[in-house]
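One-based numbering along the sequence shown. Counting starts at 1 for both ligands and their atoms, following the listed order. Since this is a predicted model, take the numbers as computed values, not measurements.
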Amino acid sequence: MTDTTFQTGEEFAAAMDARDPLAHFRAHFCIPKTKSGDDGIYLCGHSLGLQPKSVSSCLDEQLQNWAELAVEGHFHGKTPWIRFHRLLASQTAVLVGAEPAEVVVMNSLTVNLHLMMASFYRPTKQRHKILVESGAFPSDQYAVKSQIRFHGFEPALSLLELAPRAGESSVRDEDVETLIDREGDSIALILLGGVNYATGQVFGMEGITKAGRRKGCVVGFDLAHAAGNVPLRLHDWGPDFAAWCNYKYLNGGPGCVAGCFVHQRHARAWDLPRLAGWWGHDEETRFQMGPDFHPMVGAEGWQLSNPPILALAALRASMEIFSEAGLERLRSKSLSLTGYMEFLLDQHSSPKYSIITPREPERRGAQLSIRLLGAGRELCDQLAAQGVTGDWREPDIFRVAPVPLYNSHQDVYRFVQRFLAAL
Ligand SMILES: Cc1ncc(COP(=O)(O)O)c(C=O)c1O
């Protein structure tokens, strides 16, 4: 769907939807309704993905197992709970380009970032800095600053922030690599978002990983806005770790259990310090209840607790849909939807708004971030009253993401009409 020349009329959107091979997936999701009972225009999958209709039967299945099997559900039934997380890990591994043993589904995103930093942020007097993007998601900023202090260092000296050039909205990949080359000897950890939450910029994760590793830095990514959105090849690119949430593009439900990647080269790194819990212990001997911790091989060795099966069951509903749709086809439709939105917005150049997301399709995912001048949150509220859901990020950014699993070109067309009218 990507080599199309876009056109301005609504009939173009209808024609694109008519030949969309993924169009039927929309019917698998609960689309919020407007007051008049029509489908709303939901462009907020970058914040909370929609509910797959199959979630309730997936949950019901586990509730029934719990009711009928009780504790035996750990070992019996169609999907024994003891291995349930592994079903998800192998589906997730495909999405992030990893080996199944490199991925685990556990905890929540910020918790996983802390667990990863407990193992991989090992500051010394010479090498103590953490490199983050300036204006990183607040939770990441709090997490890295608290880790720096936890190790007895000061954020003022140990936090290195990467800002766009003056007058630019996104960071140039070559500037990241230049900074790493220049400062790398003092950087212990590079921790960047795969996709920046505010601008929608995709970082050049492969090049950054190479540059970081060349200088001996640990490299990790927060993939909250990347997983299920853009193609990832974590195993080949080779970062040390990554973590992401599953409630955005991955539709696992509010506060859903998160994902974590640890590269294979650390699979048997028994000497790495880690915060341990019994579910990370070797499963062969876990129930011998011994006092000494022997971690599982791979990412599972970082688990703490037995997994929340109901949350995993909800996520499984979405993972099944992803497996069927295939990330390659989704990316192709995503490029079309987002490119079409950009095209329509560009038809009406106005001093009242500008797109701050990179213009190059390979440097962005589904999201467009629109900077508003003179209008603010009230515009977002006005659109919401008309059934259009995007979100507002202070001080001046309106974020919208047409998501290929459930959005259509007509959604995009109608959004742009309403946005311009509201302006
Ligand atoms: C980029 C990024 N990092 C971290 C978080 C925090 O996630 P959680 O509350 O699941 O820990 C979010 C939440 O939206 C996010 O967008």
Side-chain angles (χ1 to χ4, degrees), residues 42-50 88 92 95-96 103-118 121 130-147 159 161-162 169-171 176 189-203 205 208 219-230 232 234 239 241-261 275 302-305 307-308 311-312 314-315 318 356-357 364-369 389-394 397-401 403:
Y42 190 80
L43 299 173
C44 218
H46 58 277
S47 179
L48 181 71
L50 291 181
L88 286 147
T92 311
L95 289 181
V96 299
V103 171
V104 65
V105 179
M106 61 181 188
N107 312 312
S108 51
L109 169 53
T110 310
V111 173
N112 288 342
L113 288 174
H114 273 301
L115 289 180
M116 291 295 100
M117 284 193 274
Y121 176 51
I130 303 184
L131 174 64
V132 294
E133 72 245 59
S134 75
F137 192 83
S139 198
D140 295 33
Q141 296 190 45
Y142 309 152
V144 294
K145 285 181 190 165
S146 64
Q147 285 281 342
L159 189 66
E161 291 183 275
L162 187 70
S169 304
S170 47
V171 179
V176 189
L189 169 65
I190 297 166
L191 182 58
L192 297 174
V195 175
N196 179 272
Y197 87 99
T199 65
Q201 167 184 11
V202 175
F203 280 98
M205 288 172 265
I208 290 170
V219 181
F221 290 110
D222 172 345
L223 300 178
H225 292 262
N229 178 21
V230 294
L232 297 167
L234 293 183
F241 69 86
W244 58 93
C245 52
N246 280 317
Y247 46 75
K248 299 181 187 294
Y249 294 97
L250 293 167
N251 313 310
C256 177
V257 66
C260 191
F261 163 91
L275 298 177
W302 273 265
Q303 293 175 104
L304 299 178
S305 305
L312 291 180
L315 179 59
S318 171
I356 61 164
T357 307
R364 67 185 184 210
Q367 175 184 326
L368 284 188
S369 299
T389 312
D391 70 4
W392 179 250
R393 284 290 170 267
E394 297 292 348
I397 296 176
F398 184 49
R399 303 186 304 173
V400 276
V403 169

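- For atom 11 (O) of ligand 1, the nearest protein heavy atom (residue, atom name, distance) is T110 OG1, 2.5 Å.
- Under the side-chain hydrogen bond (donor to acceptor under 3.5 Å, both in side chains) criterion, D140 pairs with no residue, sequence neighbours left out.
- Annotation: atom 14 (O) of ligand 1 to nearest protein heavy atom, K248 NZ, 2.8 Å.
- Those atoms of ligand 1 that come under 4.0 Å of a heavy atom in Y247, given as number and element, are 7 (O), 8 (P), 9 (O), 10 (O), 13 (C), 14 (O).
- Scanning the protein heavy atoms around atom 1 (C) of ligand 1, the nearest turns out to be D222 OD2, 3.4 Å.
- Of all protein heavy atoms, the one lying nearest to atom 16 (O) of ligand 1 is H225 NE2, 2.9 Å.
- Of all the heavy atoms of D140, the ones lying under 4.0 Å from any atom of ligand 1 belong exclusively to the side chain.
- Shown here for N112 and A258, the closest heavy-atom pair between the two residues is ND2-CB, 3.7 Å.
- Considering all non-hydrogen atoms of both residues, P239 and F261 come closest at O-CE2, 3.5 Å.
- Of the protein's non-hydrogen atoms, F137 CE2, 3.3 Å is the one closest to atom 12 (C) of ligand 1.
- Partners of Q303 according to the side-chain hydrogen bond (donor to acceptor under 3.5 Å, both in side chains) rule, which considers only residues two or more places apart in sequence or in another chain, do not exist here.
- Between Y197 and F137, the ring planes are perpendicular. Angles over 60° get that label, and only those under 30° would be called parallel.
- C245 and A224 get closest at one heavy-atom pair: SG-CB, 3.8 Å.
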